[in-house]
Amino acid sequence: MQRFSSTQSRMDTSPEMFCDIQTLHKEALRNSVLNSAQANSLLGGQSIKEVILKGFYTPLSASVGEEPCLEETEEWQTLEAVISREFAAGCGGRKVMLCGGAGMGKTTVVEKLIWDWATGTHLQHYTLLLPLCVDALCTSEQSLESLLLTTHNHLSSEALALVLQRPAESLLLVLDVMERFQGLLSESPPSDTLVSDPHQQVEGAVLLHSLLEGSLLPGASILLTSREAILLDSLQCVHLQGFSQDQRRTFVQRFFPNEAKAEQVLQHCEQAVGVAELCVCPAFCWTLCCVYKEYKERAPETLTELCCVVTHSLLQEHEVSMEAGKQLLCGLGKLADYCTSLTQKSCSSADVIACGLQPFLGSSVLSAVLRVSGGDVSSPEATFSFISPVFQVFVSAASFYIDQSAPQSGQDEVRIPEEGHGLVHMFLAGLSDPAQRKLLESSVGSFSSGRLSQFHRWLMSSVAEVLPYFQKKKHWRIFHLLHHAHSPTLVRESVRSCEWRMIAYNDLHVPDCVALVYVVRCLGEMEHLNLYMSRLTEKQMQKLGPALQLARSINLSQSHLSSGGLTHLARAMMDGQTAVLDLSNSRLGDEAVKRLCPALKHSNLQTLNLRMCNLTPGCCEALGQMLSGSKLRLLDLGANDLLDQGLTRLISALGMSSCRLQELSLENCSLSGAGIAVLSSAVSSSLAELQKLNLRGSRLAEDTLELLSQALQTGRSSINTLNFFDCELTDSCCPALAAVLQSHNCHLTQLELSVNELGQSGAFVICDALRSPQCPLERLCMTRCELTEPVFSALGSVLASGTSSLKELQIGLNPVGDAGAKHMWTALKHPHCKLQHLDLEMISLTDACVDELCEAVAASTSLTSLILKNNDLTDLSVPQLVNLVQDRPIMEELNLQYNNFSEDVFDLMDVCPKIRY
């Protein structure tokens with residue numbers, strides 16, 4: 001190929017002349033790809049040239065934005081689509097940074113892009129695609145012209161001058177591997193130092209920022225690649241995500257033409273511990289397929305074992321003895337730790353020698369692990385870096401166990417390596433398992449037993465330091481380490497010896513699910529699985545299946561389950577031992593519940609919370625059929641629009657069969673007369689075992705309540721707790737309630753009547769019933785029921801009657817003042833009063849009542865809790881109240897919140913922890 005001659009007309013800017021330049025340039029770029037010998041994996045693998053020319057190139061996925069999208073979602077797009085959109089015709093001046101870790105295929109993508117443009121198949125609206133030599137940016141001051149001539153020596157200065165005369169919108173500049181020169185981008189030079197003349201010599205950083213800011217070649221498009229995102233206003237970040245699941249399948253099928261073998265490899269990748277999450281990386285996929293191709297009988301089960309296989313293969317292939325292999329890995333481990341501490345991640349030949357690797361300099365085994373740049377291996381200018389970041393971390397961990405040199409004076413043990421990379425402790429855990437390290441030990445000798453014991457002690461200590469606390473990320477780290485260590489005994493000893501705090505394990509990824517399941521399986525049980533506020537896919541729920549089965553209690557409140565995930569939940573409930581399932585606020589809808597019900601009917605479930613799940617009458621028949629044969633004891637259907645129609649369907653589906661339900665919440669389900677009438681009939685037949693019924697927020701008219709009252713008096717009902725909070729009750733409803741309380745068949749011990757307009761006349765009817773010797777009521781709530789002072793007097797009389805069983809009375813938000821409360825103080829002093837809890841919130845108490853209050857509480861033989869929130873007490877009352885609580889050992893709580901106290905008395909109340917203020 002000839003260089004464009006300077007003897008050709010310097011002023012000729014005809015289209016023919018420029019076409020000749022373009023043709024020459026395309027030929028040069030094609031040759032640069034054809035002559036490339038750079039390999040793309042630890043095992044050598046295919047060169048980039050072979051990947052492109054032999055059809056092995058597999059499209060990659062990408063996401064756009066400041067942060068990468070770590071798991072495959074709809075945000076993943078094909079990289080080709082992103083590139084075509086970002087560099088579309090008419091979009092001149094685009095600046096895009098392609099980010100992705102080592103081995104993610106950045107350089108291959110760039111070479112493929114160059115090849116496609118040079119062969120006329122892509123981005124042809126750019127008249128020239130110009131790769132820039134990134135290394136030259138850091139050498140010395142230079143101009144854009146000299147940089148381009150250094151990179152493209154097939155162009156003369158005259159030809160380049162013709163190129164730069166063209167509109168900049170027709171140029172696409174490409175800068176690969178910018179991570180080595182991150183400093184050039186991280187600090188922007190002052191704007192007044194930016195240049196616009198392509199002939200002006202400046203520092204590399206100024207030159208680069210002049211291009212990015214558009215002062216130099218305004219309108220030109222630029223593509224950069226880097227391992228880490230560099231956030232600049234002028235740059236659009238495109239994160240290279242690697243292979244999606246479908247793209248991975250395409251890659252493996254090209255590697256293994258036999259479709260069955262390819263599918264077998266893919267399935268094994270999904271199961272191998274620590275492997276699946278790295279399979280998005282193209283270079284890792286190549287290494288993985290090479291290993292699976294060689295080890296046909298038994299593929300590695302974990303990432304640690306895979307790296308052991310790779311290391312063993314390298315040592316065997318290069319005929320490295322056991323002693324030399326140990327020396328090599330120890331040296332590589334030291335070098336790996338040193339490189340990790342460096343910003344540029346590369347080191348000199350002197351550093352390599354200092355790590356004990358001089359005997360291997362120039363050997364093929366070292367060149368299989370380290371990449372050499374800048375000259376011969378013995379050259380002072382040569383730099384070394386690890387080809388594979390994963391392998392770099394692996395040798396660091398392996399050298400910890402292999403290096404059996406004595407600790408320094410005064411030290412009993414060598415320190416466990418720091419978590420400089422997320423994989424180092426994982427590899428330490430994997431290598432602690434004899435099965436995983438077996439092949440490596442056959443090449444380098446036995447690991448140090450002392451260091452193996454040291455790591456186990458460290459891991460057990462880490463479990464004890466992490467699991468009792470709230471740091472979710474640290475929990476996941478521990479689960480992953482236990483999983484990689486693959487020691488059920490270690491799991492049982494470490495986890496059972498600490499108090500595992502069951503925090504909410506949301507934001508799950510598939511590897512997290514697998515690790516958690518391993519721990520739970522080793523333990524054989526899980527008391528509570530907290531998945532609060534999770535978004536769970538079918539794959540995640542499939543992986544979680546064993547943990548779901550072994551959990552006694554599962555919290556999925558405010559969670560979102562995919563359709564497929566719901567299927568796995570149903571299967572786990574039917575096959576498992578779960579007794580409590582909370583799906584509240586998950587907005588499942590009717591169809592999801594109908595799918596769950598058949599499985600729940602044959603499960604061990606005893607408590608089911610479906611509160612606020614967007615349910616309608618459409619699912620109620622399925623719920624009723626589920627209840628008729630299940631072990632369910634508690635069902636919460638609150639805050640769903642079931643309506644009377646839905647409740648009727650639920651009861652009808654029960655038929656005459658007796659279900660085992662003991663607690664039913666129908667709070668705020670838009671119920672009124674017709675539904676309650678059907679329910680009233682059921683509580684003495686099919687719902688005869690029901691003990692607690694919550695009808696809060698229902699519309700209960702007089703005739704409706706009469707039907708329920710009759711059912712409760714039949715002797716066939718077991719209900720002991722009724723909640724009629726805010727049910728539109730009036731004084732006309734009270735006779736029906738009184739009839740129940742006075743019945744010989746009454747089982748009621750708790751009655752909630754708060755926020756109803758009972759009035760004085762209705763309350764008197766209730767008070768008369770409370771005096772009945774048959775009344776078993778122990779807890780009565782009549783907060784904000786328009787009670788008057790005479791009602792408080794009647795209630796005081798009931799408490800002192802000797803026939804009342806009341807232990808808890810809530811009568812707040814009835815503004816009777818000190819005069820009304822006086823009746824309570826009188827009752828408390830009576831020896832027949834059994835009251836333990838008294839709530840007088842917001843009844844307009846003042847300091848004037850405190851003397852009598854203290855006298856009454858001191859005289860009471862039963863009161864342990866007194867609520868005086870939201871009253872008009874002041875600082876004057878505080879000393880007496882503090883002395884009262886201090887002198888009364890049985891007092892458990894005095895709640896004085898939201899009174900008229902100043903900060904002057906806070907210290908005085910602080911001395912008594914039983915006082916809340």
Could you tell me which residues satisfy side chain to side chain donor-acceptor pair (under 3.5 Å) with [X], sequence neighbours excluded, listed by chain and number?
| X | result |
| --- | --- |
| Asn745 | none |
| Lys869 | none |
| Ser709 | Gln713 |
| Gln880 | Asp851 |

Run the side-chain contact (heavy atoms from CB on, under 4.5 Å) test on Leu637 and Arg611 for me, step by step, so that the C-alpha distance in whole Å, both residues' side-chain angles and the decisive distance to 0.1 Å come before the verdict. CA-CA 5 Å; Leu637 296 172; Arg611 182 180 182 82; over 6 Å; no
With sequence neighbours excluded, tell me which residues meet salt bridge (charged side-chain N to carboxylate O under 4.0 Å, His left out) with Glu752. none
May I have all residue pairs that pass salt bridge (charged side-chain N to carboxylate O under 4.0 Å, His left out) and include part of [range], sequence neighbours excluded?
| range | result |
| --- | --- |
| residues 823-840 | Lys829-Glu855 |
| residues 777-786 | Arg779-Glu808 |
| residues 878-904 | Glu893-Arg916 |

Nearest 0.5 angstrom please: [X] [atom1] to [Y] [atom2], how far?
| X | Y | atom1 | atom2 | result |
| --- | --- | --- | --- | --- |
| Leu707 | Ser680 | CG | OG | 5.5 Å |
| His747 | Leu722 | NE2 | CG | 12.0 Å |
| Leu508 | Leu536 | CG | CG | 6.0 Å |
| Ser698 | Asp726 | OG | CG | 9.5 Å |
| Leu845 | Asn870 | CG | CG | 11.0 Å |
| Leu809 | Leu795 | CG | CG | 6.0 Å |

Using a 3.5 Å distance criterion without hydrogens, assess whether the side chain of [X] forms a donor-acceptor pair with backbone atoms of [Y].
| X | Y | value |
| --- | --- | --- |
| Asn814 | Met782 | yes |
| Ser793 | Glu789 | no |
| Thr826 | Lys822 | yes |
| Asn895 | Gln897 | yes |
| Asn555 | His528 | no |
| Asn871 | Asn900 | no |
| Thr578 | Ser553 | no |

List the atom of [X], the atom of [Y], and the distance in Å for their closest heavy-atom pair.
| X | Y | answer |
| --- | --- | --- |
| Ser718 | Ala688 | OG-O, 2.9 Å |
| Ser804 | Ser801 | N-OG, 3.5 Å |
| Thr846 | Leu873 | O-CD2, 3.4 Å |
| Asn756 | Leu753 | ND2-O, 2.9 Å |
| Ala547 | Val517 | CB-CG2, 3.8 Å |
| Leu548 | Leu529 | CD2-CD2, 3.7 Å |

Please list, one pair per line, the donor and acceptor atoms closer than 3.5 Å that link side chains of residues 460-471 to other protein atoms, with sequence neighbours excluded.
from	atom 1	to	atom 2	distance (Å)
Ser461	OG	Glu465	OE2	3.3
Ser462	OG	Trp458	O	2.9

side-chain contact (heavy atoms from CB on, under 4.5 Å) assessment of Gln774 paired with Gln742: CA-CA 6 Å; Gln774 285 81 31; Gln742 293 171 312; 5.6 Å; no
Check each of Gln577, Arg552, Lys631 against Asn604 using the side chain to side chain donor-acceptor pair (under 3.5 Å) test, and report the only one that passes. Lys631
Judged by modelled atom types alone, do [X] and [Y] share a side-chain donor-acceptor pair under 3.5 Å?
| X | Y | value |
| --- | --- | --- |
| Asn694 | Glu667 | yes |
| Thr874 | Asp847 | yes |
| Ser586 | Ser559 | no |
| Gln836 | Thr864 | no |
| Arg587 | Asn614 | yes |
| Ser672 | Asp644 | yes |
| Lys692 | Asn720 | no |
| Asp875 | Ser902 | yes |

Side-chain ion pair, Arg633 and Glu663, N-O less than 4.0 Å: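 Judged by the 4.0 Å cut-off on N to carboxylate O distance, Arg633 and Glu663 do not form a salt bridge.
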Is any side-chain N of the basic residue among Asp507 and Lys472 closer than 4.0 Å to the acidic one's carboxylate O? yes
Determine which pairs satisfy ring pair (Phe, Tyr, Trp, His ring centres under 6.0 Å) with at least one residue from residues 813-851, sequence neighbours left out, and list them in order. His830-His832
Using a 6.0 Å cut-off, check whether atom CZ of Arg535 has over 12 heavy atoms from anything other than its own residue. no
Show the numbers, then the answer: is there a side-chain contact (heavy atoms from CB on, under 4.5 Å) between Leu868 and Leu853? CA-CA 11 Å; Leu868 301 176; Leu853 181 160; 3.7 Å; yes
Taking distance alone, no hydrogens or angles, what donor-acceptor pairs closer than 3.5 Å link side-chain atoms of residues 761-768 to residues at least two apart or in another chain?
from	atom 1	to	atom 2	distance (Å)
Ser761	OG	Asp731	OD2	3.1
Asp768	OD1	Arg771	NH1	2.9

For Met909, what residues pass the side-chain contact (heavy atoms from CB on, under 4.5 Å) criterion, not counting sequence neighbours?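 Applying side-chain contact (heavy atoms from CB on, under 4.5 Å) to Met909 gives Val878, Val882, Leu896, Phe901, Val905, Phe906, Ile915, Tyr917.
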Describe, in one word, how the ring planes of Trp476 and Tyr505 are oriented to each other, choosing from parallel (under 30°), tilted (30 to 60°) and perpendicular (over 60°).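 Ring orientation, 0 to 90° scale: tilted.
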For Leu642, run the side-chain contact (heavy atoms from CB on, under 4.5 Å) check against Leu647, Thr616, Leu666 and tell me which one passes.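 Among Leu647, Thr616, Leu666, the one meeting side-chain contact (heavy atoms from CB on, under 4.5 Å) with Leu642 is Leu666.
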Assess whether side-chain contact (heavy atoms from CB on, under 4.5 Å) is satisfied between Leu610 and Leu623, documenting all intermediate values. CA-CA 11 Å; Leu610 294 174; Leu623 285 169; 3.9 Å; yes
